[in-house]
Amino acid sequence: MKAMLLKAPNTPLTLEDVPDPEPGPGEAVARVLACGAGLTVHHARAGRLKLDLPRILGHEIAGEIVATGAGVTDVKRGDGVTAYFYLSCGACRWCRVNRETLCDNFGGYVGREIDGGYAEYIKLPARSFIAIPEGLDWRKFPAEAGVICDAIATPLKVTRKARLAPTDTVAVFGAGGGLGVHMLAVARWAHARKVIAVDLMASKFEACVKAGADATVDASEGRVTEQLMELTGGKGIDVAIDFVSSAATLEAAIAALGKGGRIVTLGGHGGTFTASAGAMLRKEIEVLGSRYASRQEVIESLELVARGELAPMVSEKVPLAEAEAIHERLGNGVVTGRAALMMDMR
Ligand SMILES: [Zn+2]
């Protein structure tokens, strides 16, 4: 099969012929129709994560099961599927309560510890595949179906974690990115009173407004906290969702929180930031971390899209062979929304 390989850290992905994967016991193989390309994948391409190489990256797939190994009952030939990104055990106390992202026996990620979806076929533990429900035309819209498992599921979890209510004003930091635009749309869907997009690149604001933002804050002008205060009549925001999670964004976001404010951090490189314990106490501020989504939230995201409640937004579609060009654009921060690789596009 054809696959895009990462052969050495931070080098261009190259198109290669590799053996077709064969399913072992408990495994299944899907023909990949499309695979999303986002910043999470780009961190691996850019050498910011330790990987065994060569590796096939990518996890936001839509595909069709073509072969199953011994003992597989989760999926069968012909099923339309997407993938659960985390390799969780399914048996520990965290997995049992739908908090697989805290799995005690965490095995890593699809497209990092095992080969992913930048290829014509993908082999995974059968339980890592999730069936795409009736009513979602994955053959016609494989890119859109593929990105749901992360781009919609991750924001859906955030709305629950932050207890997003219809009376809340929400600010999304890094709003122009793939997860950011979907977060704006999901916050809108959750009936937030006001959704504010914060980004460094004003060129992304048109897409942010289209996705559901009521207002935009150009972070390149500085004064982010002050701009958010002006937009809320001095009250401050109720929920800050930070996909950038640098010290600067976290500190600006926390300073802009009003009474009862919540901040959710999802990105960044694990740095530290400073917050006022006094303000935290007086305003009863909550600082929350959120990683990806539960398997159940992926299933619910697929159902919400199938019902027409939410729509994934794929802004750029390119053939598999052009993966490197998309990653160059991801690295430069110029992709607005989500990009996807199409296996049948020539
Ligand atoms: Zn587990």
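Start at 1 and go down the list; that is how both ligands and their atoms are numbered.
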Name all residues meeting the side-chain contact (heavy atoms from CB on, under 4.5 Å) criterion together with E113; count only those two or more places apart in sequence or in a different chain, and write none if there are none.
L87, Y109

Contacts of Y118 that satisfy ring-ring contact (aromatic ring centres under 6.0 Å, His included) - sequence neighbours left out
H327

Linking Ile, Leu, Val, Met, Phe, Trp and Tyr by side-chain heavy atoms under 4.5 Å, what else ends up with V314?
V147

Can you list, by chain and residue number, the protein N, O or S atoms under 2.8 Å from the Zn ion (ligand 1)?
C89 SG, C92 SG, C95 SG, C103 SG

Hey, is K2 close enough to E120 for a salt bridge, meaning N to O under 4.0 Å?
no

Verify whether one side chain among E16 and T14 offers a donor that lies under 3.5 Å from an acceptor in the other.
yes

Students often mix this up, so state it plainly: with edges at 30° and 60°, are the rings of H43 and H269 parallel, tilted or perpendicular?
perpendicular

